[in-house]
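So the structure is just underneath, and the comments pick up after that.
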Amino acid sequence: MEENTELRDLIIPEHVAIIMDGNGRWAKKRGLPRTFGHRQGCTVVERTVEDAARIGLKYLTVYAFSTENWKRSEEEVGALMQLFRYYMVRLLDVATKNNVRVKMIGDRRRFPKDIIEGINRLERETCEATGLTFVIAVNYGGRDEIRRAAIALCDDVKEGKRDISESFSEEDFSQYLDTAGMPDPDLLIRTSGELRLSNFLLWQLAYSEIYITDLYWPDFNKAELINAIKAYNKRNRRFGGV
Ligand code: FPP
């Protein structure tokens, strides 16, 4: 972990989640096609993984592609798929060099076969890393995740593997979510100034602190990540208590 005087005396959140917004606007401001914003956004994802690992986060989760993003133009969806293909290979290298374990959440079944294979490979080849866990949400929607969890639970009940009684707890239900075994995010960062959850981690964000920055995602950097951690340190987390 890096000796960073700015971080001394700060509580480092265990899990930071990020809604990476503003790629399109970043590109438009420069008179470039939207896909240039996504490409720059990918570079920033790579850098942020390295920064998060050095800072000592245990989990970093990013929203890369939502269940609603399929509604974008065929050209934009196609460009995003190409970027996934290219960056999955680069990410394997970044993860290996930084002792990072990569995990994908969301319903990967809708992706082209080669992308599914790339995702599986990334997970398989990094599964023994002991540093940061980098979670990428792809074809992810919070409602869809809860729906899939409910179906999996019903299947277990039908097969007699699970008894649902009063004692079936929130913790028990959360084991059916894509994030089973992970702590909930302590801090949610959203870029580009929007004040929405956009169907991201609806169950898991119940008590997370929220930090909004006006920076577009391609302009996000380590200094802003540290600003978010500083803001988090000023919050008084009560989890519904007093
Ligand atoms: C939001 O900007 C961004 C996205 C929908 C895609 C985010 C994806 C990446 C940064 C690539 C991630 C890649 C990997 C490999 C993890 P927007 O297009 O909604 O921007 P706008 O709101 O300005 O239009």
Side-chain angles (χ1 to χ4, degrees), residues 16-53 57 59-96 98 100-106 108 110-112 114-123 125-126 132-142 144 178 188-201 212-221 224-225:
V16 173
I18 308 184
I19 301 178
M20 310 181 289
D21 195 14
N23 291 350
R25 277 164 283 172
W26 181 90
K28 192 170 173 206
K29 212 173 80 181
R30 288 165 175 74
L32 297 167
R34 294 176 58 79
T35 48
F36 279 65
H38 295 316
R39 196 186 301 167
Q40 184 58 25
C42 285
T43 306
V44 175
V45 169
E46 262 183 48
R47 261 202 331 249
T48 306
V49 170
E50 290 175 336
D51 293 339
L57 300 187
Y59 291 85
L60 173 71
T61 301
V62 299
Y63 204 5
F65 194 88
S66 76
T67 44
E68 288 71 37
N69 284 153
W70 297 105
K71 290 186 222 150
R72 296 190 174 197
S73 73
E74 203 176 309
E75 185 195 352
E76 185 169 344
V77 171
L80 279 166
M81 294 301 138
Q82 272 308 100
L83 280 174
F84 288 152
R85 285 188 179 93
Y86 178 66
Y87 274 91
M88 275 192 305
V89 179
R90 292 182 57 111
L91 263 179
L92 184 55
D93 190 46
V94 172
T96 310
N98 293 278
V100 170
R101 178 168 69 128
V102 183
K103 193 176 152 34
M104 304 271 179
I105 58 171
R108 66 187 70 173
R110 190 164 168 189
F111 285 107
D114 67 307
I115 293 192
I116 298 176
E117 276 162 11
I119 291 174
N120 293 342
R121 175 166 177 234
L122 245 182
E123 288 183 332
E125 295 193 12
T126 63
L132 173 77
T133 297
F134 176 47
V135 183
I136 311 176
V138 284
N139 190 26
Y140 176 87
D144 183 62
D178 296 345
L188 170 72
I189 298 173
R190 179 163 187 150
T191 59
S192 94
E194 308 286 349
L195 305 174
R196 284 189 295 276
L197 285 185
S198 298
N199 203 12
F200 190 43
L201 299 174
I212 308 286
T213 168
D214 285 334
L215 289 182
Y216 294 141
W217 175 249
D219 290 327
F220 189 80
N221 52 37
E224 194 60 2
L225 179 58

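Indexing begins at 1, ligand by ligand and atom by atom, following the structure's order. Because only heavy atoms are used, hydrogens play no part in the values below, and waters and symmetry mates are left out as well, while side chains stay in. Keep in mind the model is a prediction, meaning the values are calculated, not measured.
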Just by distance, do the side chain of E123 and the backbone of M104 share a donor-acceptor pair under 3.5 Å?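 Side chain of E123 to backbone of M104: a pair is present.
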
Hey, would you say the W70 and F111 ring centroids sit under 6.0 Å apart?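 Centroid distance W70-F111: below 6.0 Å, so yes.
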
- Task: For Y87, counting its heavy atoms only, list the atoms of ligand 1 lying under 4.0 Å from any of them.
- Result: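 In order of number, 15 (C).
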
Just which atoms of ligand 1 are under 4.0 Å from any heavy atom in C42?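 Every atom of ligand 1 under 4.0 Å from some heavy atom of C42: 11 (C), 13 (C).
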
Establish, from distance only, whether the side-chain atoms of [X] and [Y] form a donor-acceptor pair under 3.5 Å.
X    : Y    : answer
R101 : T126 : no
R39  : N23  : no
R110 : T67  : no
W26  : D219 : yes

Does ligand 1 have any atom that is closer than 4.0 Å to a heavy atom of [X]?
X   : result
N69 : yes
V62 : no
R72 : yes

Problem set entry | R85, CZ: over 12 other non-hydrogen atoms inside 6.0 angstrom |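 Yes.
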
Which protein non-hydrogen atom lies closest to [atom], naming both residue and atom, and how far is it?
atom                    : answer
atom 16 (C) of ligand 1 : I136 CG2, 3.8 Å
atom 10 (C) of ligand 1 : N23 ND2, 3.4 Å
atom 6 (C) of ligand 1  : A64 O, 3.4 Å
atom 1 (C) of ligand 1  : M20 O, 3.0 Å

Legend entry - F84 to I115 - nearest heavy-atom pair and separation: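 F84 and I115 have their closest heavy atoms at CB-CD1, 4.4 Å.
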
Check: Where's the contact between R34 and ligand 1, heavy-atom distance under 4.0 Å: side chain, backbone, both or neither?
Finding: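 Near ligand 1, R34 shows its side chain, while the N, CA, C and O stay back.
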
Check: Is there a nitrogen or oxygen of D21 sitting under 3.5 Å from a nitrogen or oxygen of ligand 1?
Finding: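 Indeed, backbone or side chain, D21 has an N or O that close.
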
For atom 4 (C) of ligand 1, the option (of E194, H38, M104) bearing the nearest heavy atom: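 Ranked by closest heavy atom to atom 4 (C) of ligand 1, first place is H38.
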
